[in-house]
Amino acid sequence: MVHKNIIIDVADGIRLHEAANIAREMENMDCSCELIYGDKRLNAKSQISIISAGIKKGSEVTFECDGDDEEKALAKLVEMASEGFKK
């Protein structure tokens, strides 16, 4: 299992477009992928799960991946976060 804390630096937080991009990238990874926000554990492969959390700019989230592709998935999430979760 690998994890990394990230501060969300997207102007409007994680909304529909960003959540769709995260879910699209993570759905092909051979591992579980979660976003931890406060006391919520969100399935990073589910756009609806991500959107439902209401993650705002400046919020701290933890990306947690566990499985065969965990390193690859975490690296992709960190890369996406640095680019504002754009495709």
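- Among pairs with a residue in residues 48-57, those fulfilling side-chain hydrogen bond (donor to acceptor under 3.5 Å, both in side chains) read Asp9-Lys57, at least two apart in sequence or across chains.
- Taking each heavy atom of Val2 and Glu70 in turn, the nearest pair found is CG2-O, 3.6 Å.
- In plain terms, the two heavy atoms of Ile50 and Ala44 that are nearest each other are CD1-O, 3.7 Å.
- Atom CD of residue Glu34 and atom CG of residue Leu77 lie 11.5 Å apart, to the nearest 0.5 angstrom.
- A pairwise comparison of heavy atoms in Cys31 and Cys65 identifies SG-CB, 4.3 Å as the closest pair.
- Ile55 pairs by the side-chain contact (heavy atoms from CB on, under 4.5 Å) definition with Ile8, Ile14, Leu35, Tyr37, Leu42, Ala53, Ser59, Val61, not counting sequence neighbours.
- Glu18 CD to Glu83 CD: the interatomic distance, rounded to the nearest 0.5 Å, is 13.0 Å.
- Between Met29 and Lys45, the shortest heavy-atom contact is O-NZ, 2.9 Å.
- Counting Ile, Leu, Val, Met, Phe, Trp and Tyr side chains that sit under 4.5 Å apart, directly or through other members, Leu16 shares a hydrophobic cluster with Ile51.
- With sequence neighbours excluded, the residues satisfying side-chain contact (heavy atoms from CB on, under 4.5 Å) with Asp68 are Asp30.
- Looking at every heavy atom in both residues, Glu60 comes nearest to Ile7 through CB-CD1, 3.6 Å.
- Residues passing the side-chain contact (heavy atoms from CB on, under 4.5 Å) test with Ala75: none are found, sequence neighbours excluded.
- Rounding to the nearest 0.5 Å places CG of Asn5 at 10.0 Å from CD of Glu64.
- The side-chain contact (heavy atoms from CB on, under 4.5 Å) search around Val78 returns Lys4, Ile6, Leu74, not counting sequence neighbours.
- A distance of 12.0 Å separates NE2 of His17 from CG of Asp12, quoted to the nearest 0.5 Å.
- Counting heavy atoms from C-beta on, the side chains of Met26 and Lys76 come closer than 4.5 Å.
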